[in-house]
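To start, the structure under review is shown below, and the notes come after it.
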Amino acid sequence: MAAKKSKKKQENGFTKEQILASEKYSEKRDVLGALLSEKGVYTEEQISSLIHKFMKGKVN
């Protein structure tokens, strides 16, 4: 029986500056500029989660 290798997806973190400069998030640049911390490092999953939570937020 062959041993199964577990695939751990290892994501690199990105700084606020790198994220705001990326083409992928160009349409959400204003939102991310307000949500991200200067000192933080974020994965793509965290960025997507932040955007999703913001867009689903309640409007007063």
Side-chain angles (χ1 to χ4, degrees):
M1 180 156 71
K4 292 183 180 179
K5 292 183 181 180
S6 64
K7 292 183 180 180
K8 288 187 178 180
K9 186 176 181 183
Q10 190 173 13
E11 295 189 49
N12 294 329
F14 300 98
T15 64
K16 179 178 180 177
E17 183 178 321
Q18 290 172 319
I19 295 165
L20 295 179
S22 90
E23 267 308 301
K24 182 175 183 175
Y25 298 109
S26 64
E27 292 185 20
K28 302 289 186 193
R29 196 168 283 145
D30 292 338
V31 170
L32 291 170
L35 294 176
L36 302 178
S37 167
E38 293 291 334
K39 297 179 184 177
V41 177
Y42 305 91
T43 64
E44 288 186 47
E45 186 177 309
Q46 289 172 318
I47 297 165
S48 294
S49 177
L50 285 170
I51 292 170
H52 181 74
K53 285 179 185 176
F54 178 81
M55 298 306 280
K56 292 288 183 175
K58 185 177 180 181
V59 178
N60 292 330

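The structure displayed is predicted, hence computed values, not measured ones. Values reported hereafter were calculated over all heavy atoms of this structure, with side chains retained and with hydrogens, waters and symmetry mates removed.
- Atom NZ of K28 has 12 or fewer heavy atoms from other residues, nucleotides or ligands within 6.0 Å.
- Side-chain atoms of S26 come within 3.5 Å of backbone atoms of E23 as a donor-acceptor pair (strictly under, hydrogens ignored).
- Listed for the K16 side chain is a donor-acceptor partner under 3.5 Å among the backbone atoms of G33.
- Taking S48 as the reference, nothing meets the side-chain hydrogen bond (donor to acceptor under 3.5 Å, both in side chains) condition, with sequence neighbours excluded.
- Residues that satisfy the side-chain contact (heavy atoms from CB on, under 4.5 Å) test with K24, not counting sequence neighbours, are S22, E44.
- Residue F54 belongs to a hydrophobic cluster whose other members are F14, I19, L20, Y25, V31, L32, L35, L36, Y42, I47, L50, I51, M55, with links defined by side-chain heavy atoms closer than 4.5 Å.
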